[in-house]
Amino acid sequence: MAGIETLFTNAKLADGSLKDIGVAGGRIVSIEAAGATSGAAGQVDIAGALLVPGFVEGHIHLDTSFYGDKWIPHKPCANGFDVHERVAFQAENMAIAAPMEERARKQLELCVANGSLQMRSHVTVDGSVGLRSLETILKIREEYRDIIDIQLVAFPQNGILKSPGTPELLDEAIGLGADLVGGLDPASFDRDLNGHLDVVFGVAEKRGVGVDIHLHDFGSLGAFTVEEICARTLALGMQGRMAISHAYGLGDLDADSARRIGAKIATAGVSIMTNAPGDHVFPPVALLRAEGVNVFAGSDNIRDSWWPYGDGDMLGRAMMIGYRSGFYTDEELSAAFDVVTAASAKALGLEGYGIAVGAKADFVALAAEHVPEAVVAVPKPRRVFKAGRLVAENGAMIR
């Protein structure tokens with residue numbers, strides 16, 4: 001067919017059909033029954049493997065991972081999970097870690113090798129580090145721009161009001177190249193919910209960017225903060241550009257209360273990110289989705305000061321979310337897959353995502369019969385294609 005640069009033959013789609021997919025200019029230009037298309041300049045045989053959109057890493061920290069660095073033993077909090085204490089441990093560990101550029105590259109390449117082609121990374125911007133970490137990660141983003149698309153969140157890891165100069169730094173960070181403004185536990189960390197949110201939403205409104213706030217608070221405090229964020233989102237007309245990461249408090253609610261707040265979250269167009277952590281409650285994925293909430297996922301921390309786990313595999317994350325949510329049916333397993341693909345793409349506002357004519361040719365070939373099997377089996381190795389070009393195979397990125 002004229003205009004096709006590369007024809008991907010014998011690709012099994014999620015509906016079970018076998019297709020030939022034509023790609024030109026980094027986009028999908030045709031999807032036809034296998035064997036129905038000819039005349040392409042180049043061909044890649046998918047050989048009946050399951051072809052799915054590239055995974056979306058919706059929440060990660062490129063600046064603080066120790067993946068690929070020397071092993072740093074995990075240090076537990078003195079009396080249960082405490083954000084302030086974990087932040088202090090992180091500062092100690094960062095002082096002895098390898099250069100950030102080295103660690104960020106290794107983490108990025110791990111994610112790409114596993115099939116993530118879009119990412120949102122939070123990067124510390126506050127009085128403790130200024131803009132230095134952001135400047136480093138911006139350089140890394142440029143270096144990998146043809147391999148993975150990266151959104152950056154200016155993240156006040158040490159608080160906003162407690163860290164002098166941070167409000168101004170968050171504003172400067174957006175001007176420097178960050179895509180969104182972040183926040184951290186407004187009520188429990190800075191102990192001033194309104195003051196913290198005034199800064200976050202003030203920068204977002206001034207700069208015309210979205211917001212992604214870390215919210216670790218449990219119980220009624222966490223739920224109340226979610227409601228306050230939703231109210232501000234509606235008041236400023238920011239539906240679809242607001243995300244709350246973790247939102248542990250939603251996992252503490254009884255079903256009726258969770259449904260009520262879920263309806264408010266859906267009306268406000270706020271997305272909820274979870275990584276289904278092993279030692280905390282987390283948002284009820286199925287219940288929130290039933291209420292119309294967009295629930296997405298990320299690895300969060302990979303082998304850093306918060307926990308020693310993480311492998312950069314969003315398909316594995318789908319399995320973990322499904323496992324911890326009690327997902328067993330094919331429909332439920334497909335929902336877990338949606339959380340790390342289409343739902344994450346929606347949360348990030350990605351253009352041209354999916355396997356469809358006109359979409360970006362960003363996809364992954366998996367050894368699975370269908371999506372539910374892929375979620376439970378987490379098959380490897382994989383072939384990963386960015387804009388129709390092979391960028392990773394057999395667990396390694398190709399430069």
Next on the checklist: Apply salt bridge (Lys or Arg N to Asp or Glu O under 4.0 Å) to residues E109 and R399 and explain how you reach the verdict.
Outcome noted: CA-CA 10 Å; E109 295 189 7; R399 294 302 298 265; 3.8 Å; yes
Checklist entry - Between K139 and E101, is a salt bridge (Lys or Arg N to Asp or Glu O under 4.0 Å) present by the stated rule, with each step listed? => result CA-CA 9 Å; K139 293 176 184 176; E101 296 93 330; over 6 Å; no
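One N or O on the side chain of E332 and one on the backbone of Y328 form a donor-acceptor pair closer than 3.5 Å. Using a distance-only test at 3.5 Å, with no hydrogens or angles considered, a donor-acceptor pair links the side chain of D179 to the main chain of L152. Between the side chain of R103 and the main chain of A98, a donor-acceptor pair closer than 3.5 Å is present. Using modelled atom types, no side-chain atom of D63 and backbone atom of I137 make a donor-acceptor pair closer than 3.5 Å. With hydrogens and angles disregarded, a donor-acceptor distance shorter than 3.5 Å links the side chain of D185 to the backbone of H216.
With a 4.5 Å cut-off on side-chain heavy atoms, S116 and M119 do not count as touching. No side-chain heavy atom of R207 sits under 4.5 Å from any side-chain heavy atom of V181. Side-chain contact between D300 and H61: present, with at least one pair of heavy atoms (C-beta onward) separated by less than 4.5 Å.
When all heavy atoms of I355 and I21 are compared, the pair lying nearest together is CG2-CD1, 4.1 Å. Among all heavy-atom pairs drawn from S17 and D15, the shortest one is OG-OD1, 2.6 Å. V200 and I213 make their closest contact through CG1-CD1, 4.2 Å (heavy atoms, listed as atom of the first residue, atom of the second, distance). Residues G352 and R27 share a closest heavy-atom pair of CA-NH1, 3.9 Å. When all heavy atoms of F327 and A336 are compared, the pair lying nearest together is CD1-CB, 4.1 Å. For the pair T233 and M242, the tightest heavy-atom approach, listed with the atom from each and the gap, is OG1-CG, 3.3 Å.
Both I302 and F55 belong to a common hydrophobic cluster when Ile, Leu, Val, Met, Phe, Trp and Tyr are linked at side-chain heavy-atom distances under 4.5 angstrom. The hydrophobic cluster containing I174 also contains L170, counting ILVMFWY residues as joined when their side-chain heavy atoms lie under 4.5 angstrom apart, directly or transitively.
Counting non-hydrogen atoms of neighbouring residues, nucleotides and ligands closer than 6.0 angstrom, the CD atom of E291 exceeds 12 such neighbours. The neighbour count for F218 CZ, taken as heavy atoms of other residues, nucleotides or ligands under 6.0 Å away, is above 12. Counting non-hydrogen atoms of other residues, nucleotides and ligands closer than 6.0 Å to NZ of K162 gives a total above 12.
L18 CG to N10 CG: the interatomic distance, rounded to the nearest 0.5 Å, is 5.0 Å.
With sequence neighbours left out, T136 forms a side-chain hydrogen bond (donor to acceptor under 3.5 Å, both in side chains) with no residue at all.
Annotation: side chain to side chain donor-acceptor pair (under 3.5 Å) contacts involving residues 337-346, sequence neighbours excluded, comprise R289-D338.
Note on ring orientation: taking the six-membered ring where Trp is involved, the planes of F155 and H214 are parallel (angle under 30°, cut-offs 30° and 60°).
Taking a cutoff of 4.0 Å between a charged side-chain nitrogen and a carboxylate oxygen, D146 and K386 do not qualify as a salt bridge.
Of the residues R241, Q151, R120, the one that meets the side chain to side chain donor-acceptor pair (under 3.5 Å) test with D212 is R120.
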